[in-house]
Amino acid sequence: MSNTESRAPDFVRATIATEIAQGRFDGRVVTRFPPEPNGYLHIGHAKALCLDFGAAQEFGGHCNLRFDDTNPTKEETEYVDAIQDDIRWLGYAWGDHLYYASGYFEQLYQWAVQLIQAGKAYVDDLTPDEMRDYRGTLTEPGRASPHRNRSVAENLDLFARMRAGEFPDGAKTLRAKIDMASGNVNLRDPVMYRIRHAEHHRTGNAWCIYPMYDWAHGQSYSIERVTYSLCSMEYEDHRPLYDWYCEQLGIFHPQQIEFARLNISHTVLSKRKLLQLVNENIVAGWDDPRMPTLRGLRRRGYTPEAIRDFIERVGVGKTQNLIELALLEHCLREDLNKRAARVMAVLHPLKVVIENYPADQVEELDAVNNPEDATMGTRQVPFARELWIEQDDFREDPPKKFFRLSPGVEVRLRYAYIVKCTSVVHNERGQVIQVNCTYDPATRGGSTDRKVKGTIHWVSARHAIPAKVRLYDTLFLSPKPDEDEDWKTRINPNSLETLTNCFVEPALAHAAPGERYQFERTGYFYVDPDSSTDQRVFNRTVSLRDSWGKIEKQEQG
RNA sequence: UGGGGAUUGGUGCAGUGGUAGCACACCGGACUUUGGAUCCGUUGACGGAAGUUCGAAUCUUCCAUCCCCAGCCA
């Protein structure tokens, strides 16, 4: 934590600090987070969330949560609720400052009338195709609509009738009269209102004309007295438009500061693509643990603390970026290492029989719950003659540097005894199905003077609890799926592997959904909401760093 | 051939005229009853060219490359 605290402030915070010190906005700092309720929040939003809420907090101000619900055809209450839930989970609160752009519809309408009266806005009859044509291109100026010079009286009349519902969808628009030749296309008479005879999730059927985002945006800040509007780079081109609206209206306007949005390797973060993954059943839903949504990450077992730490480390800049997934995983492991209770679980079981251990004997052995945190105490783990160990922990013909169990070799069973492999049982296909060992009673608890290179985990077969384990990997094989010709071509066919034949130690009998554990030597696991006392389900949040896997890879060339 | 933004090691972020630093990744080592954690260490960067200056990643000019913008989406 100390390294992040001493870190230089990002340019956004530095700018705010400077301006506030100079007395701008009388020292007030009010930010806002303005989601459109048409989808779920993802980790990209977390960056904005942490900046908006974080900066406000640090400067003694507050952050408004405002839903930009200006398009009734796409928005739903379901999303409004989910978004609030996700923000709370991430650890932020907006107090009484919950707003909706739809709450400003009447004021916005009055301001539109004001612009018409000032000769700064007009009702247009162009079809979408015609409007595109008149708009020109990036290199050629646009042309004036034939309706651009309607009289104020006619515009007032037409606009009132638009509101009254006299025209069908798309028949007319209200446009700002700015500059059809501007190099900034946003200034070529942008649409302010469109006709949509659609029911709005909050205003119902009160309106049939709805403001465009650009028209609602800046003025909403003005109403809320927001001082800093922190948004992504793509809105830099829109800033002159927001400024124009506020200037024409003569109302307060905030300082907009743009920053680069977050990109992470091996994933996609566009609402459109995420929606597609859900709709095409490539994932099981918005909360599928492979999704980069906050709900998905939550179900995967991520902690809010890890996500916030990640966002802090990523920093804030204006350059296009691609953060390596490894950084996110590092933050996760660091957090989980401190808080997750250790436990033993065997994912791919292989039977071990301790030949010289009495068949009816059971010993309760002491095990540490978290070597990083003594206050988490100890527990007892039952040991008996027949055990399960990990298939990977035994090799009949061990490669170099393999420190685990193999014929004639000694290994430590964690917290139990030193055992030596004496023989192996094969099935008719030659596969190892059982390993026989002898144990050294003098090494109870695992202590010994001999040098034993390997320590492996185990579960007593008689006491083991069956479990289902879901192993997750990245959804995409390519680090930059967005750059692939078709972004879906590099989907990872093995992003989910479900193991149904796993055994966990009895301490997990009462593992409750939402709990996190470290399965020693394997990884961190989250008890899925699907889990019950009849069927335990664990999601692998992230694996432990695996230096043996790395060595093995190198040896194989 | 329009407007806007960007360019520091593999990936990010600092550094705003005076020996280029941090994190992650990588590689190597120490330690270890998790091949985990922890600790130590090694590689490795200022897009290019001119100019200003005693001195430039920082200032100037030109060039190159990348990203965004032509929804009645946000």
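Letters go in sequence order (proteins before strands), and every chain restarts at 1. As the structure is a prediction and not an experimental result, all values here were calculated from the model.
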- Look at the side chain of A:Glu234 and decide which nucleotide, out of B:C68, B:C73, B:U34, has an atom nearest to it.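 My answer, after comparing the listed nucleotides, is B:C68.
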
Does a side chain donor of either [X] or [Y] reach within less than 3.5 Å of an acceptor in the other side chain?
X        : Y        : answer
A:Thr127 : A:Asp129 : no
A:Asn38  : A:Glu76  : no
A:Tyr524 : A:Gln518 : yes
A:His238 : A:Asp214 : yes
A:Tyr104 : A:Glu224 : yes
A:Asp335 : A:Thr303 : yes

Touch check for [X], heavy atoms < 4.0 angstrom, all strands: base, sugar-phosphate only, or nothing?
X        : result
A:Arg342 : base
A:Arg132 : sugar-phosphate
A:Lys550 : sugar-phosphate
A:Met344 : nothing
A:Pro371 : base
A:Ile195 : nothing
A:Phe310 : nothing
A:Leu126 : base

Q: Just jot down the side chain to side chain donor-acceptor pair (under 3.5 Å) partners of A:Tyr302, sequence neighbours excluded, or say none.
A: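 For A:Tyr302, no residue satisfies side chain to side chain donor-acceptor pair (under 3.5 Å) once neighbours in sequence are set aside.
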
- Task: Name all residues meeting the side chain to side chain donor-acceptor pair (under 3.5 Å) criterion together with A:Asp473; count only those two or more places apart in sequence or in a different chain, and write none if there are none.
- Result: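 With sequence neighbours excluded, A:Asp473 shows a side chain to side chain donor-acceptor pair (under 3.5 Å) to A:Asn492, given in chain and number order.
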
Worksheet item: How are the rings of A:Tyr439 and A:Phe383 set relative to one another: parallel (under 30°), tilted (30 to 60°) or perpendicular (over 60°)?
Response: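 It falls in the tilted class, 30° to 60°.
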
### Plane angle bin for A:Trp215 and A:Tyr245 - parallel if under 30°, tilted between 30 and 60°, otherwise perpendicular
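Aromatic pair A:Tyr245/A:Trp215 classed perpendicular.
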
Whole-Å distance separating the [atom1] atom of [X] from the [atom2] atom of [N]:
X        : N     : atom1 : atom2 : value
A:Asp214 : B:A70 : CG    : P     : 11 Å
A:Ile551 : B:C26 : CD1   : C1'   : 15 Å
A:Trp215 : B:C73 : CH2   : P     : 17 Å
A:His200 : B:A74 : NE2   : P     : 10 Å
A:Glu312 : B:C24 : CD    : P     : 14 Å
A:Phe403 : B:G36 : CZ    : P     : 11 Å

Can you tabulate the close N/O pairs, meaning under 3.5 Å, that link protein atoms to atoms of nucleotides 37-42 of chain B?
from: B:A37; atom 1: O2'; to: A:Asn337; atom 2: ND2; distance (Å): 3.2
from: B:A37; atom 1: O2'; to: A:Glu372; atom 2: OE1; distance (Å): 3.4
from: B:A37; atom 1: O2'; to: A:Glu372; atom 2: OE2; distance (Å): 3.0

[N] phosphate, OP1 or OP2: any side-chain N/O from [X] under 4.0 angstrom?
X        : N     : result
A:Arg412 : B:U32 : no
A:Arg135 : B:C72 : yes
A:Arg175 : B:C72 : no
A:Thr70  : B:A74 : yes
A:Arg272 : B:C73 : no

With sugar-phosphate taken as primed atoms, P, OP1 and OP2 and all else as base, the protein-contact string of nucleotides 1-13 of chain B at under 4.0 Å (heavy atoms; B, S, -) is BBBSSSS--BSSS

- Please name all residues satisfying ring pair (Phe, Tyr, Trp, His ring centres under 6.0 Å) with A:His217, sequence neighbours left out, ordered by chain then number.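 With neighbours one apart ignored, the set is A:Tyr213, A:Tyr221, A:Tyr242.
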
Under the rule of Watson-Crick or G-U wobble with both distances under 3.5 Å, where | means paired to another strand and [ ] a crossing pair, RNA chain B maps to .((((((..((((....[..))))..((((.......)))).....(((((..]....))))))))))).....

| If you take all heavy atoms of A:Pro37 and A:Ile83, which pair is closest and at what distance? |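 A:Pro37 and A:Ile83 have their closest heavy atoms at CA-CD1, 4.0 Å.
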
Fill in: C1' gap between B:C13 and B:A45, integer Å
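B:C13 and B:A45 have their C1' atoms separated by 13 Å.
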
**Prompt:** Expressed in whole Å, how much space separates the C1' atoms belonging to B:U61 and B:A74?
**Reply:**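 40 Å, rounded to whole Å.
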
